[in-house]
Colleague: 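Handing you this structure, nothing more for now.
Every value quoted in this text rests on a predicted model; they were computed, and no experiment measured them.
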Amino acid sequence: MLRTTAAVVAGKAARAASRLRGGGSALPGLVAERVDPGFLAHALADVPGGIVVVTGTNGKTTTTKMLVAVLRAHGRTVFTNPTGSNFTRGVISSMLGELPLRGRLTADMAVLELDEAHALKFAAAVRPTHALLLNVARDQLDRFAEIDHTAQLLASLAEQATTGVVLNLDDSFVSRIRDRVADGVTVRYFGVDASIADRLPELQEQDVRFEDDFVPPVAGPEDGLLKPSNERTFEVLFGEGGPGSGTVGPLELQQRGLAAMINATAAAATARMLLGDAFDPAAAAAALRAVTPPFGRGEVVMVDGQPLELVLVKNPAGFTVALGTYGSTPVATMIAINDNYADGRDVSWLYDVSFDSLRERGVTMTSGVRGYDMALRLQYDDVPVGEVQPDLDQALDAFLAEHPDEPKRIFCTYTAMMALRRTLAARYDLPDIGEEAS
């Protein structure tokens with residue numbers, strides 16, 4: 001269509017201009033969508049192997065990256081939106097770099113990370129063949145309201161899937177969505193083995209619906225269960241986990257923590273559904289071992305010979321998991337909290353996080369728009385704070401100067417992480433976030 005071609009040309013021009021100015025990743029998508037409102041449907045019309053939407057409160061970026069890696073290890077050509085720009089216009093912006101002028105994407109599959117609300121906007125334009133629904137937790141209350149509303153968003157997306165849905169077996173907000181899936185659509189689950197079920201409360205919101213006839217599902221032979229052997233090594237079991245069952249692993253990820261293992265389990269279960277008999281457990285394990293943490297998700301940047309770890313935090317469950325995974329290691333710590341739109345304006349959620357693990361070493365610096373709010377919150381948990389510097393670049397300079405010869409870690413909200421990552425990229429010859437998306 002001439003309109004789609006015009007949209008591709010306009011979007012590519014906006015993309016080039018945006019990169020020259022260091023602008024945001026959604027602008028080219030906005031331009032293309034304005035020229036052709038049906039752009040998404042046209043661009044994805046020739047993708048034969050499935051359009052997969054990955055969504056949920058926590059773990060979208062990591063799980064998407066893992067799933068794409070596993071599918072590519074099986075020889076599939078996969079389009080994805082690797083920047084974590086998880087609005088529909090961000091998807092279009094990512095797509096513009098790969099589209100020919102005719103506007104039809106050439107790929108076997110599309111695996112798209114989408115914000116819980118924008119997943120529905122995407123589904124209104126293009127019905128996904130598959131949906132992977134990760135979890136529900138309190139997040140950006142000013143945008144998503146309470147967790148029941150977020151669960152409703154995920155359920156509505158599941159209703160739109162035409163072929164398959166993969167649900168979190170252990171998150172009752174998600175597993176109960178099985179009753180909303182259309183007839184004829186396959187449902188699979190991922191979860192944890194019974195041996196580590198006692199660790200689930202550290203990752204999940206409590207579902208307090210007492211008068212409810214919901215019966216939790218039981219894992220079947222096609223569902224993937226995480227079974228760790230220690231804090232780093234694990235397997236994903238299918239069926240009984242015996243010979244020939246398709247067990248993935250044992251393997252160790254480059255990203256630490258139980259949450260990352262669960263993300264890998266979700267990716268393996270979804271890849272198995274998508275690939276069917278072509279799924280190769282050994283190829284899946286090798287791909288998962290090779291996945292590097294997405295930027296800001298436990299990414300390690302070498303600064304003057306010392307590691308600096310960037311850890312994204314954006315809600316109580318995510319910050320609690322991050323502290324449990326990283327916070328006990330005695331390193332110099334900075335916390336950067338913004339309250340921009342992408343972070344969520346309401347930062348009262350910080351009071352639902354326990355910072356006791358930081359008490360002994362203390363926090364060198366708090367920064368960002370809400371740097372003083374963060375320092376006050378730490379005071380309530382008797383965590384000493386060395387300095388408050390709202391300006392991120394000045395805070396980073398002071399933090400690095402104060403701890404030149406030791407490992408360092410920064411916990412940061414999304415826009416703070418993006419700003420810090422760009423500064424570090426410019427100073428230490430790292431790939432910029434925009435380059436990772438190309």
Side-chain angles (χ1 to χ4, degrees), residues 52-64 67 84 86-87 112-123 128 130-161 165-181 187-192 197 199-210 212 214-217 223-224 226 257-263 265-267 269-270 297 312-322 324 342-344 346 348-349 352-353 414:
V52 186
V53 170
V54 181
T55 193
T57 307
N58 294 314
K60 295 184 290 291
T61 300
T62 299
T63 306
T64 298
L67 175 56
N86 54 25
F87 290 5
L112 306 172
E113 172 199 345
L114 285 164
D115 165 286
E116 297 94 304
H118 279 261
L120 284 181
K121 295 182 179 180
F122 175 87
H130 296 78
L132 168 55
L133 308 183
L134 297 172
N135 47 60
V136 171
R138 285 167 293 165
D139 182 53
Q140 300 192 23
L141 297 182
D142 50 314
R143 289 182 60 215
F144 292 121
E146 275 295 347
I147 50 180
D148 285 333
H149 176 62
T150 304
Q152 177 60 39
L153 293 175
L154 298 192
S156 297
L157 176 66
E159 290 176 334
Q160 299 300 312
V165 174
V166 182
L167 303 175
N168 186 336
L169 181 74
D170 302 309
D171 186 320
S172 64
F173 292 100
V174 174
S175 60
R176 67 175 64 237
I177 290 173
R178 68 183 182 188
D179 297 330
R180 300 279 294 273
V181 176
V187 176
R188 295 282 182 264
Y189 297 98
F190 70 93
V192 303
R199 293 191 60 185
L200 286 172
E202 70 190 69
L203 301 172
Q204 296 181 344
E205 298 283 355
Q206 183 179 7
D207 190 341
V208 292
R209 286 173 280 200
F210 299 112
D212 194 324
F214 173 70
V215 177
D223 303 324
L226 163 66
L258 178 61
M261 293 182 188
I262 292 175
N263 293 337
T265 304
T270 306
R297 277 75 169 181
L312 176 69
V313 293
K314 60 188 183 113
N315 53 50
F319 211 150
T320 299
V321 170
D343 308 297
D346 182 354
S348 62
W349 60 268
D352 292 327
V353 181
Y414 183 73

Colleague: Identify the heavy atoms of Val353 and Pro316 that sit nearest to each other, and give their distance.
Modeller: CG2-CA, 3.7 Å
Colleague: Of all the heavy-atom pairs spanning Ala158 and Val181, show the shortest one and how long it is.
Modeller: CB-CG2, 4.3 Å
Colleague: Within the 4.5 Å heavy-atom criterion, are Leu169 and Phe190 side-chain neighbours or not?
Modeller: no
Colleague: In Å and rounded to the nearest 0.5 Å, what is the CG to CE distance from Leu226 to Met261?
Modeller: 6.5 Å
Colleague: Do Leu133 and Asn168 have side-chain heavy atoms sitting under 4.5 Å apart?
Modeller: no
Colleague: Are any non-hydrogen side-chain atoms of Thr150 and Thr57 less than 4.5 angstrom apart?
Modeller: yes
Colleague: What closest approach, in Å, do Val136 and Ala151 show between heavy atoms, and which atom pair accounts for it?
Modeller: CG2-CA, 4.0 Å
Colleague: What residue among Asp352, Val313, Leu312 forms side-chain contact (heavy atoms from CB on, under 4.5 Å) with Phe319?
Modeller: Val313
Colleague: Which residue is it: Leu153, Leu154, Asp115? I am looking for the one with a side-chain contact (heavy atoms from CB on, under 4.5 Å) to Leu120.
Modeller: Leu153
Colleague: What heavy-atom pair brings Ser175 and Leu167 nearest, and what distance separates the two atoms?
Modeller: O-CD1, 4.0 Å
Colleague: Tell me the closest heavy-atom pair linking Ala155 and Ile177, and the distance in Å.
Modeller: N-CD1, 3.7 Å
Colleague: According to side-chain contact (heavy atoms from CB on, under 4.5 Å), who are the partners of Asp223, at least two apart in sequence or on a separate chain?
Modeller: Arg188, Tyr189, Ala219
Colleague: Would you indicate whether the side-chain heavy atoms of Leu134 and Thr55 approach each other to under 4.5 Å?
Modeller: no
Colleague: Would you indicate whether the side-chain heavy atoms of Ile262 and Leu258 approach each other to under 4.5 Å?
Modeller: yes
Colleague: What I want to check is whether the side chains of Ser156 and Gln160 have a donor and an acceptor closer together than 3.5 Å.
Modeller: no
Colleague: Specify the closest pair of heavy atoms between Thr265 and Gly224, including all atoms of both residues, with the distance to one decimal.
Modeller: CG2-O, 3.6 Å
Colleague: Is Glu159 salt-bridged to Arg180, cutoff N-O under 4.0 Å?
Modeller: yes
Colleague: Are any of the side-chain heavy atoms of Val54 and Thr270 separated by less than 4.5 Å?
Modeller: no
Colleague: Given Leu132 and Val53, is the side chain to side chain contact (heavy atoms under 4.5 Å, CB included) satisfied, shown in steps?
Modeller: CA-CA 6 Å; Leu132 168 55; Val53 170; over 6 Å; no
Colleague: Return the CG to NZ distance between Leu157 and Lys121, rounded to the nearest 0.5 Å.
Modeller: 14.0 Å
Colleague: Could you check whether any side-chain N or O of Asn135 sits under 3.5 Å from a backbone N or O of Asn58, counting only pairs where one atom can act as donor and the other as acceptor?
Modeller: yes
Colleague: I'd like to check Leu112 versus Pro128 (side-chain heavy atoms, cut-off strictly below 4.5 Å). Are they in contact?
Modeller: no
